[in-house]
Amino acid sequence: IEVNDAKAANAKALDILNKGIDSLGFRIPGKMVSAETIETLLEGIYCDCIEVNFATCPKHALELAEILVAFFAKKGYDKEKVVGSIAFDPLKAMVMKGKDATSLLETAPKLIEVLKDYPQFRCIAVSTDALNNAGAYIVQELGYALAWGNEYLQQLTDAGVDVDLAAKNIKFDMGVSENYFMEIAKFRAARLLWAQIVKQYEPKCDCACKMIINATTSTYNQTLFDSYVNLLRSQTEAMSAALGSVHSMVVTPFDAPYEASTDFSERIARNQQLIIKEESHFDRIVDPGAGSYYIEHLTDALATEAWKIFLKV
């Protein structure tokens with residue numbers, strides 16, 4: 001949800017919560033980050049029951065974190081039950097736009113310090129959905145995601161952040177393209193390899209090795225001239241993400257290439273997820289691809305090639 005008007009964004013959030021969604025994402029312009037905005041935006045939303053994710057200008061991420069912590073404390077939420085994230089990712093500006101954002105990396109340890117009492121609220125993002133939409137191959141996205149995540153882990157531990165705390169604050173925002181089985185294998189290989197990377201830092205608890213992934217269906221392959229075909233593409237992509245056991249997903253509305261999404265296209269995008277969850281029960285089984293020779297073989301092959309890219313980067 002684009003937050004250009006906090007009251008309108010809140011009304012939209014409450015409306016879609018009543019239509020089956022249980023995880024929200026807000027994009028707040030840096031100049032609008034304030035306690036008043038958050039108060040208005042989260043009015044009537046119970047953050048200990050609904051996942052809340054935020055994106056803003058990296059320069060305002062620390063201010064946003066402090067405001068959110070004060071807001072959660074004011075509401076008296078159980079700190080263990082607040083689930084969500086702030087997408088602080090200065091490396092994205094460097095990778096996608098060539099901007100030197102190294103000075104912003106100093107903010108990361110401060111962000112983690114502010115949010116350390118909220119174990120399920122993550123504040124460091126690895127945004128490889130941008131690479132997916134720039135045309136990266138699946139194996140490239142996976143290899144770069146691992147290198148990107150490892151870079152943050154190294155920076156944080158060098159800055160004196162406990163490795164368990166650092167690893168538990170990293171969230172991966174990955175794209176998902178139309179290559180059905182390969183995408184299932186990508187998410188399975190990603191969890192396998194990320195656990196291996198985190199283990200090298202010798203965390204005290206194995207739970208620090210768990211990878212949290214939000215998957216966003218691709219805009220790279222959406223067609224302009226026969227937009228309803230985009231429904232078929234995004235549906236198989238969403239299925240890949242669900243069968244790959246991602247934490248959450250965003251289905252891109254079918255009309256994204258040529259207009260701001262309408263109420264109709266957003267409703268269809270929500271229903272694409274709800275069919276997978278409520279009618280197909282894809283959320284009931286852990287790792288549905290396990291034991292399938294074809295998917296296991298693909299996972300192994302992808303892991304091998306992605307590891308080479310990771311080591312090279």
Side-chain angles (χ1 to χ4, degrees), residues 1-3 8-27 41-42 44-55 81-85 87 120 122 129 132-133 171-181 183-184 186-188 191 212-223 226-257 259-289:
I1 299 174
E2 298 288 346
V3 183
N10 171 260
K12 182 173 182 177
L14 292 173
D15 178 51
I16 63 177
L17 285 176
N18 287 325
K19 293 173 179 172
I21 294 302
D22 57 8
S23 175
L24 295 168
F26 297 103
R27 190 183 304 280
L41 188 60
L42 298 180
I45 296 171
Y46 296 91
C47 300
D48 51 353
C49 303
I50 299 297
E51 180 177 334
V52 282
N53 303 284
F54 300 89
K81 290 183 179 176
V82 176
V83 180
S85 66
Q120 299 199 74
R122 294 171 180 249
D129 54 338
N132 173 282
N133 287 320
K171 181 178 181 179
F172 290 78
D173 291 311
M174 301 182 79
V176 50
S177 63
E178 79 284 359
N179 197 328
Y180 185 67
F181 290 108
E183 286 289 358
I184 297 172
K186 178 183 82 180
F187 294 121
R188 299 180 79 244
R191 286 198 300 276
I212 297 293
I213 304 172
N214 174 69
T216 305
T217 62
S218 180
T219 54
Y220 183 71
N221 63 1
Q222 285 196 323
T223 175
D226 189 1
S227 61
Y228 293 112
V229 170
N230 295 334
L231 291 170
L232 303 176
R233 294 177 181 175
S234 58
Q235 190 64 31
T236 61
E237 290 166 4
M239 286 170 67
S240 294
L243 293 172
S245 301
V246 300
H247 170 75
S248 57
M249 70 170 78
V250 179
V251 175
T252 308
F254 71 86
D255 57 352
E259 66 180 357
S261 55
T262 61
D263 287 345
F264 174 70
S265 66
E266 288 188 5
R267 179 168 71 88
I268 295 295
R270 285 195 302 273
N271 289 348
Q272 286 179 264
Q273 304 173 51
L274 294 172
I275 285 171
I276 290 173
K277 184 178 178 182
E278 305 294 348
E279 296 185 28
S280 304
H281 307 302
F282 277 23
D283 63 330
R284 303 286 176 87
I285 302 165
V286 176
D287 196 8

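Only this structure's heavy atoms are used, side chains among them; waters, hydrogens and symmetry mates stay out.
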Side chains of residues 234-243: which donor-acceptor partners sit under 3.5 Å, not counting sequence neighbours?
from: Ser234; atom 1: OG; to: Asn230; atom 2: O; distance (Å): 2.9
from: Ser234; atom 1: OG; to: Leu231; atom 2: O; distance (Å): 3.4
from: Ser234; atom 1: OG; to: Gln272; atom 2: NE2; distance (Å): 2.9
from: Gln235; atom 1: OE1; to: Gln272; atom 2: NE2; distance (Å): 3.0
from: Gln235; atom 1: NE2; to: Gln272; atom 2: O; distance (Å): 3.3
from: Thr236; atom 1: OG1; to: Arg233; atom 2: O; distance (Å): 3.0
from: Glu237; atom 1: OE1; to: Ser218; atom 2: N; distance (Å): 3.2
from: Glu237; atom 1: OE2; to: Asn221; atom 2: ND2; distance (Å): 3.0
from: Ser240; atom 1: OG; to: Tyr180; atom 2: O; distance (Å): 3.0
from: Ser240; atom 1: OG; to: Thr236; atom 2: O; distance (Å): 3.1

Return all side-chain donor-acceptor pairs below 3.5 angstrom for residues 13-22, not counting sequence neighbours, or 'none' if the list is empty.
from: Asp15; atom 1: OD1; to: Lys19; atom 2: NZ; distance (Å): 3.3
from: Asp15; atom 1: OD2; to: Lys19; atom 2: NZ; distance (Å): 3.1
from: Asn18; atom 1: ND2; to: Leu14; atom 2: O; distance (Å): 3.2
from: Asp22; atom 1: OD2; to: Lys277; atom 2: NZ; distance (Å): 2.8

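Side chains of Asp255 and Ser227: a donor-acceptor N/O pair is absent below 3.5 angstrom, by distance only. For Ser245 and Asp287, the side-chain atoms include no donor-acceptor pair closer than 3.5 Å.
Residues Val176 and Thr217 share a closest heavy-atom pair of CG1-CA, 3.6 Å. Between Glu266 and Pro253 the shortest heavy-atom distance is CG-CG, 4.4 Å. Nearest approach of Phe26 to Val52, heavy atoms of both residues: CE1-CG1, 4.5 Å. Annotation for Pro257 and Phe254: closest pair CD-O, 3.5 Å, computed over non-hydrogen atoms.
No donor-acceptor distance shorter than 3.5 angstrom exists from the side chain of Asp129 to the backbone of Gly175, with no hydrogens or angles considered.
For the pair Ile50/Leu24, a side-chain contact is recorded, criterion being any heavy-atom separation below 4.5 Å from C-beta on. Side-chain atoms of His247 and Glu51, non-hydrogen and from C-beta on, do get closer than 4.5 Å to each other. Using a 4.5 Å heavy-atom threshold, the side chains of Asn214 and Val250 count as touching.
Here the straight-line distance linking atom CG of Asp173 with atom CD1 of Ile212 works out to 11.5 Å at 0.5 Å rounding. One distance of note links OG1 of Thr252 with CD of Gln222; it measures 5.5 Å at 0.5 Å rounding. Atom-to-atom distance recorded for Ser85:OG and Gln120:CD is 12.0 Å, nearest 0.5 angstrom. Atom CD1 of Ile213 is separated from atom CZ of Phe187 by 6.0 Å, given to the nearest 0.5 angstrom. Put simply, SG on Cys47 and NZ on Lys81 are 14.0 Å apart, with the number rounded to the nearest 0.5 Å. In this structure, CZ in Phe54 is found 10.5 Å from CD1 in Ile1, a value given to the nearest 0.5 Å.
When the shell of 6.0 Å around CZ of Phe282 is examined, it contains more than 12 heavy atoms from other residues, nucleotides or ligands.
Remark: Glu183 engages Lys186 in a salt bridge (Lys or Arg N to Asp or Glu O under 4.0 Å) (not counting sequence neighbours).
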